[in-house]
Enquirer: 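Have a look at the structure that comes next, please.
Hydrogens, waters and symmetry mates play no part in the numbers below; they use all other heavy atoms, side chains included. If you're wondering where the values come from, they're calculated on a predicted model, not measured in any experiment. Chain naming here is simple, since letters A, B, ... match the order of the sequence lines and numbering starts at 1 in each.
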Protein chains: 2
Amino acid sequence: MQSAREEDGSTVVYDDVLRIADPGPPKQGHGAEREAAAKRISIGDVARLADVAPITVSRALRNPQKVSPDKRARIEQAVAQTGYSINPHASALKSGRSNVVLAFASNLMSEQFASALKSCAAVLEDAGYLFLVGQTSYSYERETAALRSLHAMKPAAVMLTGVIELESNRELLRGIGIPIMETWALPRDPIDMLVGFSNTEAGRLAADMLFRKGYRKVAYVGRRSGRGALRLQGFREGCQAKGITLVCEELVDDVTGVSDGRRCLASVMARPAKPDALFCSNDVLALGCMMEARRLNVRVPADLGILGFGQSDIAAEIPPGLTMIGVDSALLGREAGAMLIASLSGTPPAQKLKRLDLVVSEGGSL
Amino acid sequence: MQSAREEDGSTVVYDDVLRIADPGPPKQGHGAEREAAAKRISIGDVARLADVAPITVSRALRNPQKVSPDKRARIEQAVAQTGYSINPHASALKSGRSNVVLAFASNLMSEQFASALKSCAAVLEDAGYLFLVGQTSYSYERETAALRSLHAMKPAAVMLTGVIELESNRELLRGIGIPIMETWALPRDPIDMLVGFSNTEAGRLAADMLFRKGYRKVAYVGRRSGRGALRLQGFREGCQAKGITLVCEELVDDVTGVSDGRRCLASVMARPAKPDALFCSNDVLALGCMMEARRLNVRVPADLGILGFGQSDIAAEIPPGLTMIGVDSALLGREAGAMLIASLSGTPPAQKLKRLDLVVSEGGSL
DNA sequence: CCGCATGATGGTAACGTTGTCATCAAGCGG
DNA sequence: CCGCTTGATGACAACGTTACCATCATGCGG
C-alpha cells in the first residue's frame with residue numbers, strides 16, 4: 001500500500017472558483033455519467049488473467065501463505081492490473097463475516113467520545129478493519145433501529161461509547177455472536193467486553209477532593225440520567241461520608257452547549273444558600289459555569305471552587321484552569337481496540353473487563 | 001417503528017459495580033455463546049409463514065403499495081412474528097444498491113465537521129438511510145484505502161467533509177456512479193455535488209473587516225495546506241487591495257489542540273514587527289491565541305485585534321468573545337443531506353452546487 | 001363478448017464470493 | 001518402490017436477495 005502521492009502528479013484541485021452563475025449547457029444530461037460507471041470486475045476476471053481458479057485468487061488475498069509464490073505473484077499482478085477490489089457484500093454473504101467494525105456514539109459532538117473513537121479506530125484500522133461510526137443520539141428508538149440493522153449486517157465487532165441500557169437491546173446484541181465492546185461505565189452484567197470506569201467512584205472522589213480542599217457547602221451540576229445520575233449518586237454518598245452539605249443539585253436533561261452550564265451556575269448562585277464549591281459532572285457544563293462565574297464576578301476559586309469531570313483541553317486552558325476528574329479517553333479507546341482485536345483474532349482476550357483508573361488533572365479552580 | 005420503551009419494562013442496567021477482582025469460574029467457556037447465535041431467518045421463512053412467494057415479501061418491504069393490502073398485512077405480521085430483518089449484504093449484492101450513506105471526515109474531533117455531519121445524518125436517517133462515518137485523517141494513503149473499499153461497497157451515496165484533492169481519487173469516485181457530496185470549499189470541478197463556500201473570499205473578507213476596524217499591520221495564523229492555504233491566499237489579496245501590511249504568516253502543518261495556537265501567538269509576538277491584529281483561519285488556533293494573549297498580558301482588542309474563522313461556541317463565549325467569519329455548519333449539513341436525498345430519489349436536484357454565504361459572528365475581539 | 005391494457009403474483013436465475021470436499025503432485029519412511 | 005501424509009489447487013454449490021420475465025385475473029372499450 002504505497003502512497004498515492006507518488007502514483008500520479010498529485011493534481012491539487014483546490015481552486016475555490018465557483019461558476020454557479022453560469023451553468024452553461026448541462027453537461028451531457030443527468031443520468032448519462034451514471035451509466036458510464038466502470039464495469040465491475042470480479043474475482044473471476046482476475047483469475048482468468050492470472051490463469052488460476054477464482055478460489056485461488058480468494059485464497060491469495062486472504063491467506064497469501066497458502067498459495068505458492070509464483071501464483072501469488074501472478075495474482076498480485078493481475079489484481080494491480082485490473083484494479084480489482086473485493087466485493088464485501090458477496091464476501092459477507094457467503095462467509096457471514098465482514099471486516100467492518102461498527103462503532104456507535106450517543107453523540108458525535110462530544111470531544112471525549114471523539115477522542116476515544118479516534119484512538120480505537122487507529123488500532124483497528126492498523127489491523128485491517130474498516131472502522132465506521134454511527135450515531136444513536138441518546139434516543140432509545142434510534143438505538144433500537146440501529147441495533148436491528150446491525151443484527152443483519154453482521155459486522156466483525158461492535159464498539160459502543162457507553163453501555164446499552166435497555167435489556168431488550170442487550171439481548172439483541174448478545175444474540176449476534178460477535179465481540180461487543182461497552183465503555184464508560186461498569187454495569188453489573190456487561191454484554192460481552194467492557195473497558196470502563198466507575199462513575200459512582202468518580203462522584204465519591206469528587207466529594208473527597210472538595211473536602212480535602214476545605215469546602216463544606218457544595219453544589220452539583222450535571223445530567224439527570226445515565227452516567228450523570230451515577231456520578232451524582234456517588235457524590236451524594238461521598239458528601240454524606242465526609243459530612244459535607246450538598247446545598248443543591250442542578251440537573252439538566254440534555255447538554256447542547258456551554259450556555260446550559262451558564263444557566264446552571266446562574267441558577268445555583270441565585271439561591272439563598274450559596275455553595276462554596278461546585279462539582280460539574282460534565283465538561284461542557286463546567287466550561288459554562290466557569291464563564292458565567294466570570295460574568296457574575298464570582299472569583300474562582302476564591303469565592304467558588306469548581307471541579308469538573310472529563311478531560312477538556314480547553315477547560316484546562318481557560319484561566320484559572322479547570323481542575324478535573326476524568327479518564328484518559330484516548331487510552332480507553334486504545335484499550336478497547338486492543339481487546340477487540342484480541343477477541344477477533346480467535347483467541348479470546350485473557351480479560352474481558354478492564355477497569356480504568358480515574359485521573360485528576362490539576363487546574364487552578366479549586 | 002414504535003418506541004422500545006413501551007415494549008418492555010425498560011430495565012436500566014447502569015450499576016457501576018465491578019467484579020473484576022473476583023472473576024469466579026469462567027462462564028461456560030469462551031466460544032460457547034458464539035454458537036448460541038440465533039439461527040438466521042431469511043425472507044423465505046417469512047414467505048412461508050405468510051403463505052406468499054419470497055419475492056412478494058421483498059416487494060412488500062420495499063414497495064408496499066405494489067402488494068395487495070391483505071397480503072401486505074399477512075407479511076407484516078409474519079415479519080413481526082419472526083423478527084426478520086433484511087440481509088443487507090444479499091440485498092446489496094443482488095441489486096447493487098444499499099441504504100448506507102457513507103460519510104468521510106478528515107478529522108472526527110472537529111467541532112465544525114461533527115456539527116455538519118450530525119445535521120446531515122439527521123436528514124438522511126429520517127429518509128431511511130443508515131448514516132455511517134469513516135475517517136481519513138488528512139492522510140492520502142488512508143483516503144485512498146477508504147475510497148478503494150468504498151468502490152466495491154457501493155453505498156447509496158457519499159458525503160465528504162471537504163473535497164477530494166488527489167485527481168486519481170477523484171476519478172475513482174467518479175467511476176462509482178453514486179451521488180457524491182463534497183463540501184467546505186468551491187473546487188473548480190466538483191466530482192458530483194457540492195455545498196460549499198469560498199475560502200479565498202473568507203480571506204478577503206477577513207482583510208476587509210480588519211481594514212474597516214482600522215487595523216493596518218496584521219498577521220496570519222493558520223494551516224499551511226488545504227483550505228488554510230486558500231484562506232491565506234484570499235487574505236493576502238485582501239490585504240494588498242486595502243493597503244494593509246501583512247506583517248507575518250505563522251503557518252502550522254497540523255492542529256492538534258489549543259496549544260498550537262498558543263505557540264503561534266507567542267511566536268508572532270516575539271517578532272520585532274508586532275501586528276495590531278491577527279486573522280486566525282482556524283477556530284482552535286484562534287482559541288489558543290486568545291488564551292496566550294491573556295497570559296502575555298496582551299489586551300484584546302486594545303493591543304491586538306483577533307479575528308477567527310469558524311463557529312466555535314466556546315471561542316464566542318470566552319471574554320471578550322471571539323469575532324469570527326465562518327459558515328453555519330449545521331446548515332451546510334442539512335443542505336448537503338437534502339441535496340443527496342433529492343439525488344437519491346431519482347430526480348436529480350435542480351442545482352448540484354450550492355454556495356453558502358459567509359456569516360460574521362460579532363464578538364468583542366476586534 | 002372479444003381483445004387488450006393493467007396490476008398482482010410467482011418462477012427462475014443470477015449477483016460474487018467462499019465453505020466443503022475432491023483431486024493431484026510431491027515428499028517420505030519403510 | 002509402496003502406501004501414506006502433506007500441501008496446493010480446483011470443482012461445485014450455496015449464502016439471501018432481487019431483476020427479469022411469465023402468468024393470471026380483472027376491467028374496459030369496441
Enquirer: Identify, with sequence neighbours excluded, every residue that meets side chain to side chain contact (heavy atoms under 4.5 Å, CB included) alongside B:L173.
Expert: B:L147, B:L150, B:L160, B:I164, B:I176, B:I180, B:I191
Enquirer: Between which nucleotides of DNA chain C, read 5' to 3', does contact with chain A run, using atoms under 4.0 Å from its heavy atoms?
Expert: C:dG16 to C:dG19
Enquirer: Which atom pairs, donor and acceptor, lie under 3.5 Å between side-chain atoms of residues 50-69 of chain B and protein residues at least two apart or in another chain?
Expert:
{"unit_1": "B:S68", "atom_1": "OG", "unit_2": "B:D70", "atom_2": "OD1", "d": "2.8"}

Enquirer: Is there a donor-acceptor contact under 3.5 Å linking the side chains of B:N107 and A:K118?
Expert: yes
Enquirer: Going by side chain to side chain contact (heavy atoms under 4.5 Å, CB included), name the residues that satisfy it together with A:L49, two or more places apart in sequence or in a different chain.
Expert: A:A78, A:Q81, A:T82
Enquirer: Apply salt bridge (Lys or Arg N to Asp or Glu O under 4.0 Å) to A:R48 and list each qualifying residue two or more places apart in sequence or on a separate chain.
Expert: A:D45
Enquirer: In whole angstroms, how far is the P atom of D:dG7 from the CG atom of A:D70?
Expert: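 Interatomic distance, CG of A:D70 to P of D:dG7: 18 Å.
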Enquirer: Let's go through A:R174 and A:D192 carefully: what are the C-alpha distance in whole Å and the side-chain angles of both, what is the deciding distance for salt bridge (charged side-chain N to carboxylate O under 4.0 Å, His left out) to 0.1 Å, and is it a yes or a no?
Expert: CA-CA 8 Å; A:R174 246 188 276 270; A:D192 181 19; over 6 Å; no
Enquirer: Check this one for me: any side-chain N or O of A:T56 less than 4.0 Å away from OP1 or OP2 of D:dG10?
Expert: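 Indeed, a polar side-chain atom of A:T56 lies that close.
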Enquirer: Each nucleotide in nucleotides 11-27 of chain D should get exactly one letter: B, S or -. Can you fill that in based on protein heavy atoms under 4.0 Å?
Expert: ---BBBBBB--------
Enquirer: Partners of A:A92 by side chain to side chain contact (heavy atoms under 4.5 Å, CB included), sequence neighbours excluded?
Expert: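 Testing A:A92 for side chain to side chain contact (heavy atoms under 4.5 Å, CB included), a comparison that skips the adjacent residues, returns A:S98, B:H89.
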Enquirer: How sharply is the helix from C:dC1-D:dG30 to C:dG30-D:dC1 bent, taking the axes over five pairs at either end and rounding to 10 degrees?
Expert: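 Answer for the end axes of this duplex: 40°.
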Enquirer: Give me each pair satisfying salt bridge (Lys or Arg N to Asp or Glu O under 4.0 Å) with a member in residues 75-93 of chain B, each pair once, sequence neighbours excluded.
Expert: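 Listed once each, the pairs would be none.
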Enquirer: For A:P190 versus A:L353, what's the shortest heavy-atom pair and its separation?
Expert: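 For A:P190 versus A:L353, the nearest heavy atoms are CG-CD2, 3.5 Å.
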Enquirer: Go through the structure and list residues passing side chain to side chain contact (heavy atoms under 4.5 Å, CB included) with A:A127, not counting sequence neighbours.
Expert: A:Y129, A:I341
